[in-house]
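To find a chain, count down the sequence lines: A is the first, B the second, and so on, and within it residues start at 1. The figures that follow rest on heavy atoms only: side chains count, while hydrogens, waters and symmetry mates do not.
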Number of protein chains: 4
Amino acid sequence: MTAASGSRGAPARRNRGPAAAERNRRALLAAGRDLLATEGLAVPLSAVAKRAGVGQGSLYRHFPSRVALIAAVFEENLDRIEQFVATGERTLDEVFAMLVDQAVASTALVEAINAHRDDAGVARLGRRFAEVVDGVVEAERAAGRLADDITVDDIRLAIGMLAGEIARIDAAERAGAAARARRIVLAGLRPRP
Amino acid sequence: MTAASGSRGAPARRNRGPAAAERNRRALLAAGRDLLATEGLAVPLSAVAKRAGVGQGSLYRHFPSRVALIAAVFEENLDRIEQFVATGERTLDEVFAMLVDQAVASTALVEAINAHRDDAGVARLGRRFAEVVDGVVEAERAAGRLADDITVDDIRLAIGMLAGEIARIDAAERAGAAARARRIVLAGLRPRP
Amino acid sequence: MTAASGSRGAPARRNRGPAAAERNRRALLAAGRDLLATEGLAVPLSAVAKRAGVGQGSLYRHFPSRVALIAAVFEENLDRIEQFVATGERTLDEVFAMLVDQAVASTALVEAINAHRDDAGVARLGRRFAEVVDGVVEAERAAGRLADDITVDDIRLAIGMLAGEIARIDAAERAGAAARARRIVLAGLRPRP
Amino acid sequence: MTAASGSRGAPARRNRGPAAAERNRRALLAAGRDLLATEGLAVPLSAVAKRAGVGQGSLYRHFPSRVALIAAVFEENLDRIEQFVATGERTLDEVFAMLVDQAVASTALVEAINAHRDDAGVARLGRRFAEVVDGVVEAERAAGRLADDITVDDIRLAIGMLAGEIARIDAAERAGAAARARRIVLAGLRPRP
DNA sequence: CATGAATGAGGGTTCATTCAT
DNA sequence: CATGAATGAACCCTCATTCAT
């Protein structure tokens with residue numbers, strides 16, 4: 001043994017420091033996103049922890065409830081949507097396309113919003129989402145691409161329908177069905193003769 | 001005792017006799033309809049039995065699985081829709097209106113169809129439902145009230161979206177939201193300029 | 001709440017921490033051994049957990065199935081038999097004597113082997129047991145203490161009969177009956193005039 | 001309608017009379033024998049009733065307990081053994097052969113005897129069985145085909161082992177294993193050099 | 001007497017949540 | 001701070017037994 005090796009009983013334990021905490025959080029988010037999408041909202045939290053490769057206690061440290069995890073997953077989505085909207089004039093169709101791509105997690109939010117309207121974190125996300133949509137809708141209306149009687153609430157309703165339907169459909173048919181659903185809903189919002 | 005034993009039995013407390021069979025079935029259906037609507041698809045079957053005022057064994061006798069109960073609830077709805085359609089020339093809007101009124105159970109079917117496509121009873125109901133819709137769609141198309149590129153599959157998709165959304169909405173806002181959603185979806189199916 | 005919900009969790013009353021893991025495993029094995037012997041193979045697993053003083057969840061963590069518990073109990077027996085055989089030239093009679101002492105668990109294995117031949121763990125134990133018996137039988141045959149037409153399969157059959165019978169007999173008469181049964185079966189394997 | 005037909009409201013109900021009771025009893029016995037053999041001692045009594053084509057209440061009328069059914073099945077076996085023994089000088093081997101043919105039900109009795117020694121009906125059957133065996137053993141001993149130290153209890157033990165083992169073995173291997181087991185046990189009872 | 005539905009206590013199993021290490 | 005075992009309530013389902021018809 002070399003002179004440098006410690007002579008105390010305690011084995012040199014890796015101190016992964018606070019960086020590990022952030023890594024765990026990201027692993028949990030990724031695992032949550034995956035499993036919520038493939039297994040549905042009722043996936044056991046223990047499965048999320050296992051997939052992330054962390055203990056269940058750590059999951060609870062980062063996300064004290066199922067809703068907290070769902071909200072965090074959606075928050076990432078929302079980040080992307082906000083960035084997308086912030087970097088150019090965007091149409092409703094484009095936002096719908098993004099939402100469809102994020103459909104399962106969005107559905108989780110939609111359901112979580114309905115089931116946990118009182119949850120503070122969820123409420124905050126709902127407001128953030130509404131703001132993003134508001135901006136796009138205003139531009140869309142200015143461009144004359146919305147029927148006169150369509151309100152922002154209608155748009156949110158439309159998004160809910162779209163996301164909910166996509167989430168229900170089998171992965172195999174999802175692409176085709178999503179396109180058709182998007183077309184129907186968008187057509188329903190356009191100006192009518 | 002070695003392998004058999006089994007002194008599990010329960011001395012029945014009260015037994016209203018087989019005359020209660022039909023009454024029990026109806027009570028279970030009513031309880032299932034109520035609780036599926038208010039508590040969601042995941043409502044404990046034991047709660048359904050308790051609400052119906054019957055033992056859990058009776059619930060299992062009448063409905064050997066959760067899907068069987070859901071299917072039975074929807075079958076009642078389907079009966080009403082079929083009768084409605086059979087008694088006159090009906091528009092898609094009218095059928096949508098009925099579906100919206102039956103939203104939760106319809107959603108249950110939509111979800112059950114997706115989750116249990118292989119279940120024989122569900123498949124049968126799905127076909128029955130499709131037939132009813134087909135008839136209405138044909139008439140609707142003949143009257144020129146559908147865009148050329150809309151297929152029967154699109155209609156079913158639209159119904160799924162509509163029912164799913166209604167089911168998610170709180171009872172308080174349901175009436176208003178349902179009307180708005182119906183308008184959007186129907187507009188999306190109409191001929192476009 | 002719609003499909004997910006799930007507020008089933010139980011606030012743990014007491015938690016002696018992971019240090020209890022090994023202690024729990026041993027307590028479960030001991031409880032399983034006791035209760036399988038006194039109550040038979042159909043003993044409720046909940047009774048085993050209660051006797052061991054652990055929650056039912058812990059039982060399932062350590063032994064995910066009834067067969068797993070039975071196999072673990074027998075594995076301990078097998079350990080002892082292997083050690084015994086490894087520490088000297090042993091006769092079939094001595095091995096029979098050990099098996100008789102372990103009769104109930106042996107029966108459990110015999111039954112489990114028949115009922116769960118496909119279970120991987122059980123199959124492994126069966127093979128291990130067969131190897132031990134093979135060795136002893138070879139020595140016994142070399143010493144001229146077996147009839148010519150007796151095969152290893154016959155020995156295993158004999159062991160099954162012996163263990164099964166002992167397991168069935170009330171504790172009070174077990175000692176005497178075991179001795180008589182052993183004598184009969186061994187005599188049946190000896191060279192005949 | 002002819003003059004003979006009754007004009008009262010009550011439809012002529014078939015009165016199957018007491019003959020039906022006996023037919024039901026026989027059907028239940030046959031069903032019990034079948035299912036105990038193929039499904040094991042833990043077979044649901046409702047399955048027995050269904051197989052017999054009678055209501056569960058009738059099963060309870062004829063056999064107020066699982067043990068009563070098992071005992072009745074064995075009693076039929078015992079009848080046949082008694083007849084067989086009564087119609088000629090019979091050897092132990094022949095009786096063993098009969099028992100092996102009846103192995104499952106015999107095992108059921110063996111287990112039932114151990115588990116329900118206090119049950120009056122079971123005790124009576126046990127005594128009847130012992131008497132039959134006694135007679136055969138006496139003749140066997142007189143013919144010099146038993147070792148001097150073998151007692152009637154030993155024979156009963158041997159029968160228990162044999163029956164128990166046969167019952168455990170898969171139907172496919174039963175014939176071969178039964179023959180080998182019988183040979184071993186009989187050899188163990190024969191006079192030794 | 002027969003029928004077969006009703007009953008409900010348990011048994012197996014899962015999983016949210018806690019907490020000693 | 002992380003780990004992962006422990007906990008036990010609650011769920012689903014089965015089935016022995018009763019009893020109105």
Side-chain angles (χ1 to χ4, degrees), chain A residues 13-18 20-21 24 42-47 49-50 53-62 64-66, chain B residues 6-25 42-47 49-50 54-62 64-66, chain C residues 6-25 42-47 49 53-62 64-66, chain D residues 13-18 20-21 24 42-47 49-50 53-62 64-66:
Chain A
R13 187 93 63 92
R14 275 220 159 280
N15 178 356
R16 298 201 303 286
N24 280 353
V43 64
L45 294 183
S46 58
K50 179 170 291 182
V54 306
Q56 299 195 205
S58 298
L59 186 151
Y60 271 79
R61 171 172 300 279
H62 289 294
S65 74
R66 181 181 293 275
Chain B
S7 55
R8 245 183 304 149
R13 197 65 60 91
R14 213 77 280 284
N15 178 348
R16 298 203 298 291
E22 190 49 33
R23 183 170 357 137
N24 281 352
R25 200 192 134 87
V43 63
L45 295 184
S46 56
K50 182 168 292 182
V54 307
Q56 297 198 204
S58 298
L59 186 151
Y60 275 82
R61 167 178 294 276
H62 288 293
S65 72
R66 181 181 296 273
Chain C
S7 55
R8 245 183 304 149
R13 198 65 60 90
R14 214 74 280 284
N15 178 349
R16 297 203 298 293
E22 191 49 34
R23 184 171 357 137
N24 281 353
R25 200 193 134 87
V43 64
L45 294 184
S46 56
V54 306
Q56 297 197 205
S58 298
L59 186 151
Y60 273 82
R61 167 178 294 275
H62 289 293
S65 74
R66 180 181 297 274
Chain D
R13 186 93 61 93
R14 274 219 159 279
N15 177 357
R16 298 201 301 290
N24 280 354
V43 64
L45 294 183
S46 58
K50 178 170 293 183
V54 307
Q56 301 196 202
S58 300
L59 186 151
Y60 271 82
R61 169 172 302 279
H62 290 294
S65 73
R66 179 181 294 274

> So, for B/Gly55 and B/Ala49, which heavy atoms are closest and what is the spacing to 0.1 Å?
O-CB, 4.1 Å
> Map A/Leu59 and B/Gly57 onto DNA chain F by nearest heavy atom, then report which one ends up closer to the 5' terminus.
A/Leu59
> Does the base of E/dT3 carry an N or O that pairs as donor and acceptor with the side chain of D/Gln56 under 3.5 Å?
no
> How close or far is atom C1' of F/dG4 from atom CZ of C/Arg25, stated in whole angstroms?
17 Å
> Given F/dA16, E/dT3, E/dA2, which nucleotide is nearest the side-chain atoms of D/Val54?
E/dT3
> Starting from the 5' end of DNA chain F, give me the residue, B/Leu45 or C/Gly55, whose nearest nucleotide shows up first.
C/Gly55
> Round to a whole Å and report the spacing from CZ of C/Arg66 to C1' of E/dT13.
13 Å
> Nearest 0.5 angstrom please: D/Ser46 OG to D/Gln56 CD, how far?
5.0 Å
> On DNA chain E, does the nearest nucleotide to A/Val43 precede the nearest nucleotide to B/His62 from the 5' side, or the other way round? Give the residue.
B/His62
> Under the side chain to side chain contact (heavy atoms under 4.5 Å, CB included) test, which residues partner D/His62, sequence neighbours left out?
D/Ala21, D/Asn24, D/Arg25, D/Leu28
> Round to the nearest Å and state the distance from C/Glu22 atom CD to E/dT21 atom P.
15 Å
> May I ask you to test the B/Arg66-B/Val43 pair for a side-chain heavy-atom distance under 4.5 Å?
yes
> Figure out the OH/C1' separation between D/Tyr60 and E/dG4, and round it to whole Å.
14 Å
> For DNA chain E, whose closest nucleotide is more 5', that of B/Ser58 or that of D/Arg61?
D/Arg61
> Give the rounded distance in Å between these two atoms: CG of C/Asn24 and P of E/dT21.
13 Å
> Figure out the NZ/C1' separation between B/Lys50 and E/dT7, and round it to whole Å.
14 Å
> My validator wants the stems of DNA chain F: runs of 3 or more consecutive Watson-Crick or G-U pairs, both distances under 3.5 Å, written as range with range.
E:2-21 with F:2-21
> Less than 4.5 Å apart, side chain to side chain, heavy atoms only: is that true for D/Leu59 and D/Lys50?
no
